[in-house]
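First comes the structure, then the notes that go with it.
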Amino acid sequence: MFETREGEKLLKIDPADMPPDGHLVFIGHIVSPWTSREDCPKNMRAAREAGRTATILIDEPYRQGLQNLDRASHIVILSWFDRAPRTLIVQKPRHAAEPKGVFSLRSPARPNPVGLHVAKLVAVDIEAGRIEIDAIDVLDGTPVIDIKPYYASIDAFPEATITGRDEK
C-alpha cells in the first residue's frame, strides 16, 4: 500500500510493536465512500470537491457523549489510520522535490497515525450513534479516536502560512 521511495528513511522499530502507553480506545468508525487508497482524496478540500458524504458510527457506550453536538456547525474528527505504515520517518512525496520529515507533512504514514479532519456537521442521531458529515478523506472503516466541536473563534488562524510550500 505504501512503497518506499528514494530518499525515504524508516524507523529502526515499528511503534506498533512497542508496549502500549496511552490506553487509547476507538469510539466508533467512519463509513466512507472510499475503499482504496488510490481512490481516496488526499485532503478534505479534495473530498468536498468529490461531493460524497460520509457517516461516523459511534459505538453504543459512547453515544451519550453526542448530546448537544448538534449545536456545532462543524466538528473536528480524530481518526486512526489503521492501514498506514508507522515506520516511515522521512518521506518523499511524489510531487515534492526533496524528502521531508514526517512531522512536516500531513501524510497518514507516521509513528502514531492520527488523522485530523474538520467536517461540516449535517445531522446527529444520538440513539443510533450516527453522525452525518459533508465529506471525509479516509478509507471506509477507519477507526475514530475522538470528536470535538470546531470553534472558528479559537481554532482558525487566517494568518497561518507555510513557507516554501510544494505540497498539494
**Request:** Start with the C-alpha distance between Ile133 and Thr53, add both sets of side-chain angles, then the distance that settles side-chain contact (heavy atoms from CB on, under 4.5 Å), and finish with yes or no.
**Result:** CA-CA 6 Å; Ile133 55 175; Thr53 61; over 6 Å; no
**Asked** Between Ile147 and Ile58, is a side-chain contact (heavy atoms from CB on, under 4.5 Å) present by the stated rule, with each step listed?
**Response** CA-CA 10 Å; Ile147 298 165; Ile58 301 299; 3.6 Å; yes
**Asp155 and Val118: CA distance, side-chain angles, deciding distance, side-chain contact (heavy atoms from CB on, under 4.5 Å) verdict** = CA-CA 10 Å; Asp155 293 334; Val118 176; over 6 Å; no
**Pair Arg83-Leu139, side-chain contact (heavy atoms from CB on, under 4.5 Å): steps then yes or no** = CA-CA 9 Å; Arg83 289 160 268 190; Leu139 296 175; 3.7 Å; yes
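A heavy-atom distance below 4.5 Å is not found between the side chains of Thr142 and Ile136. In this structure the side chain of Ile56 never reaches within 4.5 angstrom of the side chain of Val31, judged on heavy atoms. A heavy-atom distance below 4.5 Å is not found between the side chains of Val114 and Phe81.
Hydrophobic clustering, with ILVMFWY side chains joined whenever heavy atoms are under 4.5 angstrom apart, keeps Val76 apart from Val122. No continuous path of hydrophobic side-chain contacts links Val124 to Tyr150 [ILVMFWY only; heavy atoms under 4.5 Å]. Under the 4.5 Å side-chain heavy-atom criterion for ILVMFWY residues, a single connected hydrophobic cluster contains both Val144 and Met44. When the side chains of ILVMFWY residues are joined at heavy-atom separations under 4.5 Å, either directly or via intervening members, Ile30 and Ile27 end up in a single hydrophobic cluster. Under the 4.5 Å side-chain contact rule for hydrophobic residues, Ile126 and Tyr62 share a cluster.
Among all heavy-atom pairs drawn from Ala72 and Pro149, the shortest one is CB-CB, 4.0 Å. Across all non-hydrogen atoms, the minimal contact from Met18 to Ile13 is CG-CD1, 4.1 Å. Of all the heavy atoms in Lys42 and Arg37, the pair that sits closest is NZ-O, 3.8 Å. Nearest heavy atoms, Ala96 versus Lys100: CB-CE, 3.9 Å. Nearest heavy-atom pair across Val90 and Gly7 is CG1-O, 3.6 Å. Pairing each heavy atom of Ala135 with each of Ala119, the nearest pair is O-CB, 3.9 Å.
The CD1 atom of Ile131 sits 9.0 Å away from atom CG of Leu57, with the distance rounded to the nearest 0.5 Å. A distance of 6.5 Å separates CD1 in Ile145 from CZ in Phe26, rounded to the nearest 0.5 Å.
Judged as a salt bridge (Lys or Arg N to Asp or Glu O under 4.0 Å), and not counting sequence neighbours, the contacts of Lys148 are Asp146. Every residue two or more places apart in sequence or in another chain that forms a side chain to side chain donor-acceptor pair (under 3.5 Å) with Asp134 is listed here: Arg48. Scored by the salt bridge (Lys or Arg N to Asp or Glu O under 4.0 Å) test, Arg52 finds no partners at all (sequence neighbours excluded). The side chain to side chain contact (heavy atoms under 4.5 Å, CB included) check on Pro111 picks up Leu11, Pro15, Ile89, Val102, Phe103, with sequence neighbours excluded.
Side-chain N or O atoms of Asn43 include one that pairs as donor or acceptor with a backbone N or O of Arg45 at under 3.5 Å. Judged by distance alone, with hydrogens and angles left aside, the side-chain atoms of Gln91 form no donor-acceptor pair with the main-chain N or O of Ser107 at under 3.5 Å.
More than 12 heavy atoms of other residues, nucleotides or ligands lie within 6.0 Å of CD in Glu60, so this atom counts as buried by the packing criterion.
Counting only residues at least two apart or in different chains, side-chain hydrogen bond (donor to acceptor under 3.5 Å, both in side chains) contacts with residues 4-29 comprise Glu3-Arg5. Counting only residues at least two apart or in different chains, side-chain hydrogen bond (donor to acceptor under 3.5 Å, both in side chains) contacts with residues 108-133 comprise Thr55-Glu132, Ser79-His117, Arg86-Asn112, His117-Asp137, Arg130-Glu132.
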